[in-house]
Every structure is written in structure tokens, then in C-alpha cells.
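Structure first, commentary second.
All values below come from the heavy atoms of this structure, side chains included, with hydrogens, waters and symmetry mates left out. Because the structure is predicted, anything quoted here is derived from the model rather than measured.
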Amino acid sequence: MKSIATVVLTLFLLCPAVGAQEGGEDLKKENQELKRQIEELKKKLAEKEGAAPLAPAAPAAPAAPTIAPAAGDAPAAPATKPAEAPPAAPTQPRAAASPEKKPTPREGPREETLLGEVVVTATRSEASLRTLGSAISTVTGAELRQQAAFEAVEPLRSVPGLSIKRVGGRGEGVIVTTRGLANVHTLFQLEGFELNSDGGVMLTLDTLQTDGLSGIEVLRGAQSGLYGGNASAGVVNFRLARGEGPPRGRVSFEYGSFNTQRERLAVQGGDATFGYSLAASRLLQTDGPIDDEDLEVNSVLGRFDYNLSDRTRILAIVHARGDEAEFVQGDAGARTAVDFDTDNVGQKDILVLGLDIGHWLTDWWDAHLQLERFTLGQNSFDGPVADPFGDRQFEQQYAKGIAHLSNRLYPCKWNAVTVGVEFEKQDSAQIDISDFPAPDTATARKDEASTTSFYFQDEVNAWDTVFLTASLRRDDFESFGEKWTYRLAGAFRIERTNTKLRASTGSGVAEPQFFQLFTPGSGNPDLQPERNRAWDAGFDQWLLEDKLRFSATYFQNKLRDAIRFRVLAVPPFFQAQNSGDADIQGVELETQWDVARDLLLQDDAVAFHASYTWTDTEVVDTADPDNIGFKLGASLLDVPRGEANFNIHYGVADQWGLNLDVNYVGRRKTIDFATFTRGVEDEHGKLDIAAFYRLPWLKGLKAIVRGENVTDEDYDEATGFPAPGANVLGGLEYELRF
């Protein structure tokens, strides 16, 4: 760790702060040239659309240089996206950029992609995909609309390295694994604000809606060196767009299978000073795939931006959701054969409030204060009907507060340094009343934990060809003491062939959760955090004037002190323990092809996306040879060896569109809880279709339809929880512009 710190500190000292002033004249010339190019591009776009040329943009404040320019298309650019109309501070506030404002090669003409696709998750600041040493994939806002998926986790099936498992139907839980590592190893964010809660991401992602989202960024590999615990496998960031332009609204109503109805309302708009985007939705299902399975989800998602001055910006988000579910669990593979638990009822309420205040103290110093409040309240009732465990009532109140101060410094043109400090506190109070093991057995507990963190990141751009990033983080866990993690990433760009070679390595840590530590009977207060050491290497290749992109990555994870529940044949049936070590390796392949651009009619769009992940896992050390869930020499449970996704979209002049999505999941090892033995879950495939058509009767009116599992495949994503059969939802959407 000392050697890493020495290297990054040396790089920083080689580039004194006055370097920003020394290169001021060059930077001014570059900014003037960039503005000239922007005006030329605006004129070209206006001429192409048959409109008058756009007025010149208002002058912006002095801009700090980017250390990650795009592939040879433009000179060094300010951190903020220059094509945006409103005058701005040198950069957007952290996580304030929208993927939709920087279209990918699949979304627009060449003139709109001079800086390449821009992401913020890899470095906590805007950077081009062409310069990052990390493995990262994106789902654009256009793709979200084309797929017309309800839940935000559904589009993640197309991302290599991620595996999505639903524990039954909608509202019954979602398990997301990244490169073979469980839920707790992936950090989930909403526009840079955390969504992870104690107990896993199941409670916060199972009914998260796509309404209001502008895209998704998925960063894979050990990221604890920058993001701390819960990021040792990767980071998934759900993005929200900044409201811009004249006010406009959108309303829709859909109805379909399982007596499901969905209503949505969204408004947005903005100018150079203020932008707003707000989406509300209601999903009601009263006749689920298994008898008596009901679900209601009410959700509000909003983003608000305010430019206090040309150097100060404020970003605020709000996410409020209330879920109520009544569901049952059936026998594996039998959608309508109910064996037990026919009277489960659960409710949960989630509130996420986030505030990001960004300010340029000088032309080379950008500071951000980020505050977040996350609350989760849930209660459930499980009656005695068909249930050997009798009645059970459960209530929990969970809260997490985060204060995060980060500073991004630009000592010179080829270097950027980020220094941050973060404080997090979690509180959980719960009560459990059950008839097991004795009638009216009541347990109550209150838990809390806090973590103080400090991190340092250094980014270096050498001749616009070699890009290096190093980060080091110290987390001081209240329960487990001090933990150090790191990350190193590098990219080498071959401009002539439009190729990027990349590699990264890092360490990760995931602390045990409250229920693993303290649940009576199955908890274990002696648990230690899980550790992971990971590396990956791969390349990205752009072809056909950026219309075709191909990526390949090889990765390895070395998981140590893995926390698993030992399966017992007697009550309490499960007990958490540090079960041992496992090695994971695999290959990720991904290709994106904008087939039709410049080939067919100008307004036609044909986009193709495919991904494949091969994963091999092996338990290399076990603390308990009798634990069938973590058996020496065996594979990890519920990790498919192969998983693939194929997506194609065809649209005509934004008048109609058809989207086809095929998902394949290979065989995986699992546990048969009827016999408490290891088994195999068979491979399965799923076909989803979505389409829209703009109706000629009224401008802004279109018909939309989505069919899921249209071939009616019978399978279990999670053993014992059958997936819904074929179902269709369709309706009308109307957009009004003022």
C-alpha cells in the first residue's frame, strides 16, 4: 500500500498547482478553437434538419482541462459537455451529466459524438469510454424506451458479467450477481446516490421502475479503492436526465395479463438556470401468475438542477416508493401448484433524498458536498395457512445517512487528482413475532454501524495515448476496524486502428450485514468481512466509422472469507459463517452495431446488441466440509456457466419501432431444499418483444405494447420460485409539448 501511495503522490508532486496557470494561454486557445468547432457543428445540424442556424452559445466560465479526451476527434475539452446550451461552470456537479445529452454512435449522426460516449461512474467525474481502463457498459435512454421494461433491473440482463434472478414474480425480490459475486459485492446508485441497504439490494431493486431514468452505467471489477464496501465486484449507476427545453409532459395508461394496469405521468423542462424532471407511476397487479398473487407499486422519481452562479451548481434528487404485495410460493416448475405460504402479505416504503452542491473554488479546484438520506420501512405478515411454521409478523425500520466531501484538482493539463472523505451511519430496528420454535416467540433488536472513509485518486493522460488511474481508500468500520483497498487501471489507445487496450486490478471488501450477524439462531456475531482481489484485461475496437463496437474481457476474482449460510437439517436450518475461499474466472464479450445508419433510408434505425459471459467458479478452501452450499472443489451455487443476450431494434422515422430481446441462461448448481442435496437447475431462454406505433389521429399519441416470455417457457430463475408465463401489456402514451 505504501508503494502505491508513493507512486500517486510522486505523480501529483511532478505537476504543481501553478501548472494550471502556466498552461493558461494554451488552454484559452484550445477553448476558442473548441467553441468555433461547436458553432460549425450546430450550423451543420441545423441545416440537416432544415432549420435556421442556432445562435452562438453564451460564453462560459474558464474551464479546467479534461484529462480524458475522446479518440482524436477534438482538442482537450472542458469537463462540462460543450454542446450544452446554458453557460456553465467548468464542469457539471458530480454525477450531473446525462448519457442522453452525449449520444452514442448508435443514437445519432457522427457530428454528435465527437467526444465519444461519456460516463461518470468510473472516476466519479465525466470521462470518455475511449480513455478508461475499466470494463464498463451502458444502457442508453433510447434503449430503455425501446425495451419498454417495467423494472429497472430488466435491462441489466443485456450487460455482460451480470446475472439477474427473480425470486418469483414481480415484487418478490431480485438477486443480482456480478462476475460470480453476490448482491453485497455490487454497489447500486441512483444518479450517484447509494441504493444499497442492509439485507441486500433485493428490497430496493425488486420494484424500482424505469420511469424517469435516462440510462444505466455498469462498471465491473473491484471498485472498493474508490467506492469502498459493497463495490468489490462493480458499480451500477441508474442515471437521471437534467430537464431542458420548453415544458412538456407525458401520460400513459397500459393494461394486460394478470389483470395488470400501469399509469405513468412525467413532466420536464428547464433553461440555463433551472431544470426539472419528475416522473410518477402506479403499477397494479390483482391476479398474479400464481393464485392470489397481488402487487401494487406507487413511485415518484425526480431530479432538480439549479445554477446558483456560473461557478456553483446544485443538484437534488428524490425517490419515493411504496410497495404492497400479497404472494404465494409454489413448487419448482409448477406455476399453479401452490404448496405453502398462501397468505404472505408485505409492505415497504422507501425514500431516498440526495443533495449535491458543486462549486469551483478556482479554475483548477472543483469541490462537491454530497448529502444523502435513505430510509426503508417494511412489515410483513405470514399466516398459518399451509405453513408449518405458523403465524409470523415482522417489522423493520432502516435508515442510512451519508455525508461525502470530494475535491477534484487539476494541477496541470495531463493530471487530475480527486481527494474525498465520507461518513456513513446505518441504523436498524426490528421486531419479529413468530410461532416458531414456540408460539408467540418474540425477538427484537436494534443495530447500528458507522464507517469513516478517506480516498485518493490520481488520473494521468500521457500524450492522449496512455491513460492511467490509481486510487487508494481507507475505510474505518466501527465493527471491524481499518481496511485498505486499492485500484489501478490503464488504457492504451491506438488511434490509427481505433483500438483501446485496457487492464485493471484492485481489491475489495464487503462487510457482513445485520441479519447475518445478529439474527437469533442463524446469525453469527463473529463474522469477518469478505475480501476480494481481482484483475481483468481486454480491448475495445471501433469499426465502420464508430458504427460497430466490439469488446472482450478476461477477468479473475479471488474471493476470501466468503460468507455463506450453512444448510442444516434441523432448526434454524441455516447459519451464517465465513465458509472459505473461492476462485472465479471468466470471459465477457459484447458487440454493438448501428446497422442502418448511412445504409438505409436516412430516418430508419436498426441497432444490434449482443453479449455473452462465460464464468467458471471453484471452491478452493472450505471451513466446513459438510456444508453442501460451499463444498470443496465444487462450483459456487446459482452462478450460470454461460449466459447470453441478443437484442435488435428496428424503427422507421420515429413513426414505429420493434424491439426483440432474447436472454439465455445456462445450467447452474443449486440446492434442492426438499432433500437438502446439491442439484442442477436446467438452462432456459426467454423472449421479450416490445413495439410502438405513432397514431395518425393526434400528434404526440402512440400505441405501445410489450410481451414477456412470449414463448411461455416454464423455468425457475431461483429454485422453488417459478417465473411467470407468457404475458402482455399494452396501451396508449400521449406527449404534450408547450
**Asked** With Asn183, which of Val174, Leu205, Val176 fulfils side-chain contact (heavy atoms from CB on, under 4.5 Å)?
**Response** Val176

**Prompt:** Do Ser232 and His185 have side-chain atoms, one donor and one acceptor, less than 3.5 Å apart?
**Reply:**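 Short answer, yes.
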
**Message:** Under a plain distance cut-off of 3.5 Å, with no hydrogens placed, do Glu681 and Thr670 share a side-chain donor-acceptor pair?
**Reply:** no

**Request:** Show the numbers, then the answer: is there a salt bridge (Lys or Arg N to Asp or Glu O under 4.0 Å) between Arg157 and Glu708?
**Result:** CA-CA 13 Å; Arg157 297 183 188 274; Glu708 296 181 330; over 6 Å; no

Looking at [X] and [Y], does any basic side-chain N land under 4.0 Å from a carboxylate oxygen?
{"X": "Arg560", "Y": "Asp583", "result": "yes"}
{"X": "Asp546", "Y": "Arg130", "result": "yes"}
{"X": "Glu154", "Y": "Arg166", "result": "yes"}
{"X": "Arg493", "Y": "Asp464", "result": "no"}

Indicate yes or no for a side-chain donor-acceptor contact from [X] to the backbone of [Y] under 3.5 Å, with no hydrogens or angles considered.
{"X": "Asp540", "Y": "Ser551", "value": "no"}
{"X": "Asp688", "Y": "Leu660", "value": "no"}
{"X": "Glu217", "Y": "Val119", "value": "no"}

**Message:** Under the salt bridge (Lys or Arg N to Asp or Glu O under 4.0 Å) test against Arg668, which residue among Asp716, Asp616, Asp638 passes?
**Reply:** Asp638

**Prompt:** Any side-chain heavy-atom pair from Arg487 and Ser504 closer than 4.5 angstrom?
**Reply:** yes

